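We number each residue from 1, following the sequence as shown. Keep in mind the model is a prediction, meaning the values are calculated, not measured.
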Amino acid sequence: MGLLYETHYPFKQFKTSRGVRRSVLHDQLKAQGAVFGSENGWERANWFANEGQEAEYEYSFGRQNWFDNNRAEHEAVRNAVGVIDQSSFCKYQVEGPDAVSYLNRICSNNIDVAVGRMVYTQWLNERGGIEADVTVTRLAEDRFLVVSGVACQNRDMAWLRRNKPADAMVFFTDMTSAMAVVTVMGPKSRETLSKLTREDMSDAAFPFATSKEIELGYAVVRASRITYVGELGWELYIPTEFAPSVYDLVNEAGEEFGIRPYGYHTMNSLRMEKCYRHWGHDITDEDTALEAGLGFASDFNKEGGFIGKEALLAQKEAGPLKRRFVAFLFENPEPLCYHEEPIIADGKIVGRTTAGMFCHSLGATVAMGYIENDAGVTKDWLDSAAFEIEVECERYTVKPSLRSFYDPAMEKIKC
């Protein structure tokens, strides 16, 4: 109730109930100038203050005091190497004789892959709506690691239990607190990590969507080559007690390449350039995988099918989708938008934004959201209609796209 009449500034952080969950790297991040936000009780570095800069938010509806910090962090990841603490990831181990058949029923994609391979997939409900957006890594023939977003811990575990057949020999363990996650991203990430391990980190030996246990410094870590920012990089899953030393080593190894720590605001601007979805904002249980543009992460031919398959097939057969997730790039570099702004086509409101962020590689704001058209949201219609987004009662021309505006061919990721 204390915030009921306060101004709801973008990125406003709570002041109470803080410090509930802290990463083992918290003090190291603070020493680097981290300005923390709170998500599901976790203290997470949202941005990093420069030396001599006050490590506090100055709120406004325009460019806030961390805008230039965001730019520097963003450019470091795009052009060199950046490191972020993602220990707040939710991590679940699923194992047992029936783990493959059980997970393959829940996951829309086929997770029956070789040991050491990673699969991006969704958990769908019977309507085809997205209940979870996860990666699944096969650790052994009967053991998997499922990784999900920070806010989904209780929800995901409930979904796993709810969909477990009574006679299934499968077991779940919440591993969130057992492993810290240090993510190293950028074109110099391979060179940075290669200084710390004897493992061959080349694309031939360690291709995209591969996960291996490697020796790094004095620790054995699970290195997973995946990305949420659209660059070459690895997520390092580290036993919690080894994480501080590994984090120091990574920063030391990357110093010659201009490594910078980056926060969650920068991760947001990076993922927006790639049009990567965020569960809870861009995708929810009310949005189908097809509407969200994630049909590629569903295997319609795998044995046994998956929850929601029939709903997606019915939607396919109904003709062009009348509602779809679309990205928009502002022509004017000045406006900022965040979410819930009206999307207009030929003068008529056709949808709303789900997320928006200034994207420094593109020099303007990218917004994403769902739009509707009775004749179908097709590429021809997107190319022919005049689109605008309204920000603070002013309409701005935007360019629509069904693909990402940054590196749509994913050449930077798979190199």
- Query: With respect to Gln315, which candidate in Lys322, Glu310, Glu291 satisfies the side chain to side chain donor-acceptor pair (under 3.5 Å) definition?
  - Reply: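 Output: one option passes, namely Glu291.
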Distance alone, cut at 3.5 Å: any donor-acceptor contact between the side chains of [X] and [Y]?
X: Glu341; Y: Thr353; result: yes
X: Glu73; Y: His265; result: no
X: Asp287; Y: Thr284; result: yes
X: Glu273; Y: Ser361; result: yes
X: Arg117; Y: Thr210; result: yes
X: Asp85; Y: Gln28; result: no
X: Tyr262; Y: Asn70; result: no

Pair [X] + [Y]: basic N to acidic O under 4.0 Å:
X: Glu252; Y: Lys195; result: no
X: Arg324; Y: Glu372; result: no
X: Asp282; Y: Arg271; result: yes
X: Glu286; Y: Arg127; result: no
X: Glu231; Y: Lys412; result: no
X: Glu43; Y: Arg21; result: no
X: Glu75; Y: Arg78; result: no
X: Glu199; Y: Lys212; result: yes
X: Asp112; Y: Arg138; result: yes

Does the ring of [Y] carry [X] above it, NZ/CZ under 6.0 angstrom from centre and within 45° of its axis?
X: Lys30; Y: Phe36; value: no
X: Lys164; Y: Tyr102; value: no
X: Arg225; Y: Phe208; value: no
X: Lys274; Y: Phe405; value: no

Return the minimal non-hydrogen interatomic distance between [X] and [Y], and the atom names on each side.
X: Phe11; Y: Met357; result: CZ-SD, 3.8 Å
X: Leu336; Y: Phe61; result: CD1-O, 4.4 Å
X: Val100; Y: Glu141; result: CG2-O, 3.7 Å
X: Val24; Y: Ala180; result: CG1-CB, 4.3 Å
X: Leu290; Y: Leu312; result: CD1-O, 3.3 Å
X: Ala297; Y: Tyr120; result: CB-O, 3.8 Å

- Query: Could you go step by step and tell me if Tyr92 and Phe144 meet the ring pair (Phe, Tyr, Trp, His ring centres under 6.0 Å) rule?
  - Reply: CA-CA 8 Å; Tyr92 324 115; Phe144 295 83; over 10 Å; no
Does [X] have its ring centroid less than 6.0 Å away from the ring centroid of [Y]?
X: Trp234; Y: Phe206; result: yes
X: His281; Y: Tyr338; result: no
X: Phe325; Y: Tyr370; result: yes
X: His360; Y: Phe358; result: yes

- Task: Give a yes or no on whether the backbone of Lys302 and the side-chain of Asp299 come within a donor-acceptor separation of less than 3.5 Å.
- Result: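 It does hold such a pair.
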- Query: Is the backbone of Arg352 close enough, under 3.5 Å, to the side chain of Glu340 for a donor and an acceptor to pair up by distance?
  - Reply: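 It does not hold such a pair.
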- Determine the interplanar angle of the Phe328 and Phe387 rings, folded into 0 to 90°, and report it as parallel if under 30°, tilted if 30 to 60°, perpendicular if over 60°.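 Rings of Phe328 and Phe387: tilted, as their planes differ by 30° to 60°.
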